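These figures come from a predicted structure and were not determined experimentally. Residue numbers begin at 1 in each chain, while the letters A, B, ... track the order of the sequences.
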Protein chains: 2
Amino acid sequence: MDNRLKLALHDALNAFGLQSSEAKNLFYESGVLRIYPRNAVLFYENAPNELEYLLVEGVLHRYNTDQDGKDITTGFYAGNAIVTPHFSRTVGGRSIFALQALTDIAVAEIPVKVLDQLRYTHPEYRTFGQRVIEAEFSRNLINDIAFRSGTAAYRLELFRKIFPGLENIVPHYHIATYIGVTNVSFSRLRRKK
Amino acid sequence: MDNRLKLALHDALNAFGLQSSEAKNLFYESGVLRIYPRNAVLFYENAPNELEYLLVEGVLHRYNTDQDGKDITTGFYAGNAIVTPHFSRTVGGRSIFALQALTDIAVAEIPVKVLDQLRYTHPEYRTFGQRVIEAEFSRNLINDIAFRSGTAAYRLELFRKIFPGLENIVPHYHIATYIGVTNVSFSRLRRKK
DNA sequence: ATAACTTCTTATCAAATGATAATTGGATTC
DNA sequence: GAATCCAATTATCATTTGATAAGAAGTTAT
């Protein structure tokens with residue numbers, strides 16, 4: 001495996017609070033670093049899935065297919081990012097959304113059972129888990145409020161703050177569904193500023 | 001405490017999978033059944049909070065105050081309902097939203113630490129916890145998609161399915177913010193059907 | 001290099017939603 | 001019962017957003 005990516009994983013673990021070499025080695029024991037090409041689907045909606053994902057490089061999005069067969073993006077993951085944890089994206093062992101690479105990506109995968117065990121036995125992992133959860137939910141709430149009381153322009157502004165530069169990397173129609181407008185309206189919003 | 005409510009709590013515990021009398025007694029040991037009048041606030045945004053709540057009777061809503069000082073409702077709890085669990089509404093020990101009674105309510109309160117302990121030692125509590133979490137997140141996802149790809153009319157329809165009759169019980173302006181429209185638009189949507 | 005395809009933009013028109021203000025209706029208070 | 005207050009409706013107009021279609025620009029395939 002690419003040495004540069006090993007280093008990137010090392011840095012990512014640090015960034016998320018797994019700083020002791022003991023904690024890192026525990027991760028390396030069961031985690032694998034994988035490469036996926038652009039457009040690869042890591043798992044589908046309703047498919048069984050038993051992994052946790054740490055995105056080391058590239059961009060992912062989560063999406064669902066609505067009644068009309070259209071894909072709706074409900075989240076992006078960019079740079080160093082923890083994908084929404086297993087317990088909060090799984091019902092009856094099956095994923096409630098699909099996860100797809102929007103660029104070539106490098107992602108560390110670790111079985112959720114292993115990570116649960118680590119969280120139980122190792123304080124750094126406990127803190128790590130707590131941090132991931134809190135980030136996840138406070139981010140969700142901000143979006144909830146933005147959709148209920150903000151305009152599409154405001155949501156785009158928010159998106160740009162949270163994911164600077166992403167607009168130049170991923171297809172716009174994904175961003176459009178993410179902020180809850182058509183791709184035509186999205187283009188209009190871009191022109192206005 | 002009112003006998004009728006004790007019975008209602010008993011039924012609520014059953015409904016959520018705490019069926020053995022052993023499981024129920026464990027709950028009664030540390031849980032208390034409390035009455036709040038309409039408009040009472042159980043906890044505020046940013047306030048420390050260490051309880052889990054099981055709504056036995058009445059209606060609650062969770063809300064946040066946006067930049068303009070307007071209150072935005074991001075969820076309702078009616079009838080027998082588990083309030084969004086502590087770990088997913090708390091950052092740094094402080095609540096990320098406020099919880100308010102919209103009718104007189106009866107609610108069972110139990111320290112989150114106790115419930116965590118029960119979940120660890122008792123299989124019924126483990127299943128209970130799992131069920132609560134899965135219900136919470138799949139409901140959230142449905143709303144995410146409704147806001148991104150549906151109209152306000154569709155979200156009202158969804159609200160009516162999930163909370164039948166609630167429209168006749170709680171102030172409309174709360175429902176309006178919940179489905180993401182002004183109260184004037186809400187009134188319009190009502191007239192149309 | 002050309003053709004085919006996809007994404008993004010632009011134009012036009014219709015529909016949905018917001019802002020504001022006036023009005024109605026039902027509670028509550030005095 | 002009159003006055004007051006609050007929630008909900010209605011009317012009017014402006015703005016935002018959607019639907020559709022056509023065109024532009026870039027990419028991919030042959």
Separation of atom [atom1] in [X] from atom [atom2] in [N], rounded to whole Å:
| X | N | atom1 | atom2 | value |
| --- | --- | --- | --- | --- |
| B/R38 | C/dT28 | CZ | C1' | 12 Å |
| A/N168 | D/dG26 | CG | P | 15 Å |
| A/R190 | C/dT7 | CZ | C1' | 11 Å |
| B/I169 | D/dA7 | CD1 | P | 17 Å |
| B/E167 | D/dA7 | CD | C1' | 14 Å |
| A/N183 | D/dA24 | CG | P | 19 Å |
| B/Y154 | C/dT17 | OH | C1' | 19 Å |

Grouping I, L, V, M, F, W and Y whenever their side-chain heavy atoms are under 4.5 Å apart, do B/L55 and B/V170 come out in a common cluster?
no
Quick one: do A/F186 and A/L166 end up in the same hydrophobic cluster if we chain Ile, Leu, Val, Met, Phe, Trp and Tyr together by side-chain heavy atoms under 4.5 Å apart?
yes
Under a 4.0 Å threshold between the charged nitrogen and the carboxylate oxygen, would B/E57 count as salt-bridged to B/R4?
yes
Any Lys/Arg nitrogen of A/R160 or A/E167 sitting under 4.0 Å from an Asp/Glu carboxylate oxygen of the other?
yes
Evaluate the criterion side-chain hydrogen bond (donor to acceptor under 3.5 Å, both in side chains) for residue pair B/R62 and B/T74; output intermediate values, then yes/no.
CA-CA 6 Å; B/R62 49 179 277 187; B/T74 59; 2.8 Å; yes
All N/O pairs under 3.5 Å across the protein-nucleotides 14-19 of chain D interface:
{"from": "D/dT17", "atom 1": "OP1", "to": "A/A152", "atom 2": "N", "distance (Å)": "3.0"}
{"from": "D/dG18", "atom 1": "OP2", "to": "A/T182", "atom 2": "N", "distance (Å)": "3.2"}
{"from": "D/dG18", "atom 1": "OP2", "to": "A/S185", "atom 2": "OG", "distance (Å)": "2.8"}
{"from": "D/dG18", "atom 1": "N7", "to": "A/R188", "atom 2": "NH2", "distance (Å)": "2.7"}
{"from": "D/dG18", "atom 1": "O6", "to": "A/R188", "atom 2": "NH1", "distance (Å)": "3.3"}

Go through the steps for B/V83 and B/L42 under the test side-chain contact (heavy atoms from CB on, under 4.5 Å), then give the verdict.
CA-CA 11 Å; B/V83 171; B/L42 280 70; over 6 Å; no
[X] vs [N]: side-chain N/O to OP1/OP2 distance below 4.0 Å:
| X | N | result |
| --- | --- | --- |
| B/H172 | D/dA7 | no |
| B/R191 | D/dT10 | yes |
| B/Y173 | D/dA7 | yes |

